[in-house]
Amino acid sequence: EVRDLLKKCDKGFRADWLRDMHYCKSRATALIRDLISDGYIEPRSEPKPFDQSGIQWYSLTERGRSLVRATAAVPVSREHAERTLREFMERVKVVNCDSRFLVRVTDVVVFGSYLSDTPSLGDLDLACDYDSKIEDAKLRVKLYSKHFQKSGRQMRTFISDFTWPQEEVELFLKSRMRTISLQPMHSFLGMPKRENFQYRVLLGDPDGIARRLKQRVDG
């Protein structure tokens, strides 16, 4: 749970964002305290330039980044991993065709041990990018709000309406599979990469993703 949380916050996070991730105030406070004590995060001395809230920002330490990269899955056979990937891509098709989902999956990349020649694997590492199916901004706000209300979720914050459609898709894609390590595309693009790093584009524009990776390296 901590690893998945830090993966979502790999670029840093504000203290109140944990409330938006459905942590109550006391649990969020205790979690931040323990993560600092254990050396996974550290307070930023200055907030992000665009943030005028005055609320404390935190960044991952090297230990925190190592935890994000670590695997928590029990080794599985390559046959199992291949079946899991096929089923994942079938769920991607469902998301993109089914009107009950308000966002679509635009890009899917697989990387990590799946692309090696080892017979047993850890996590199935996947990165996805998303886009709203609703082009009109005003209509999007209205439908997102109604969609969250219909979800039956109890904890609502000022950004819940906007984050829930993608969270819903991510939950459906993972389908409670602990062997699937799913992260947003921006995390994949920005993660440290070894010289022999490999990835495979399963959905989306390979050239476009290659350019975005190059921009991150050059930047």
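Source: prediction; values computed, not measured. Residues take their numbers from the sequence shown, with the count starting at 1.
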Name the atoms and distances for all side-chain donor-acceptor pairs under 3.5 Å in residues 24-36, with sequence neighbours left out.
from : atom 1 : to  : atom 2 : distance (Å)
R27  : NH2    : E1  : OE1    : 3.4
R27  : NH2    : E1  : OE2    : 2.7
T29  : OG1    : K25 : O      : 2.9

Throw together a table of side-chain donor-acceptor distances under 3.5 angstrom for residues 136-144, partners on residues two or more places apart or in other chains.
from : atom 1 : to   : atom 2 : distance (Å)
D136 : OD2    : K138 : N      : 3.2
D136 : OD2    : L139 : N      : 2.8
R140 : NE     : S132 : OG     : 3.4
R140 : NE     : I134 : O      : 2.9
R140 : NH2    : I134 : O      : 3.0
R140 : NH2    : E135 : O      : 3.0
Y144 : OH     : S132 : OG     : 3.0

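Minimum heavy-atom separation, Y130 to C128: OH-CB, 3.3 Å. Minimum interatomic distance between V103 and K133 (heavy atoms only, all atoms of both residues): O-CE, 3.4 Å. Nearest heavy atom pair, residue R78 against residue S113, reads NH2-O, 3.7 Å. Nearest approach of M185 to A127, heavy atoms of both residues: CE-O, 3.8 Å. Between G204 and D107, the shortest heavy-atom contact is CA-OD1, 3.4 Å. Of all heavy-atom pairs spanning P206 and V201, the tightest one is CA-CG2, 3.9 Å.
Side-chain N or O atoms of D98 include one that pairs as donor or acceptor with a backbone N or O of R100 at under 3.5 Å. Side-chain atoms of S145 never come within 3.5 Å of backbone atoms of D161 as a donor-acceptor pair (strictly under, hydrogens ignored).
Relative ring orientation between F197 and F188 is described as tilted, the plane-to-plane angle lying within the 30° to 60° band.
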Exercise for the section: Please report the C-alpha distance between F88 and L202 in whole Å, then the side-chain angles of each, then the deciding distance to 0.1 Å, and finally whether the side-chain contact (heavy atoms from CB on, under 4.5 Å) criterion is met. Expected result: CA-CA 11 Å; F88 179 90; L202 304 178; over 6 Å; no
Practice task
In sequence, state the C-alpha distance, the side-chain angles, and the governing distance for L102 and E168, and then conclude on side-chain contact (heavy atoms from CB on, under 4.5 Å).
Solution key: CA-CA 9 Å; L102 301 188; E168 178 186 38; 5.8 Å; no
Practice task
Show your reasoning for whether side-chain contact (heavy atoms from CB on, under 4.5 Å) applies to T118 and L121.
Solution key: CA-CA 7 Å; T118 57; L121 313 172; 3.3 Å; yes
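The NZ atom of K174 sits 6.5 Å away from atom OG of S181, with the distance rounded to the nearest 0.5 Å. Considering CZ of R14 and CD1 of I55, their distance stands at 4.0 Å, rounded to 0.5 Å. Rounded to the nearest 0.5 Å, atoms CD1 (I41) and CG (L6) are 7.5 Å apart. Remark: K150 NZ to H147 NE2 distance equals 7.5 Å, nearest 0.5 Å. T84 contributes atom OG1, which lies 11.0 Å from atom CG of D123 (distance to the nearest 0.5 angstrom). T106 OG1 to D129 CG: the interatomic distance, rounded to the nearest 0.5 Å, is 4.5 Å.
Applying the side-chain contact (heavy atoms from CB on, under 4.5 Å) test between V105 and each of L173, V94, D131 identifies L173 as the sole match.
Each salt bridge (charged side-chain N to carboxylate O under 4.0 Å, His left out) pair with one or both residues in residues 85-94, not counting sequence neighbours, appears once here: E90-K93.
Counting heavy atoms from C-beta on, the side chains of L189 and Q215 never come closer than 4.5 Å.
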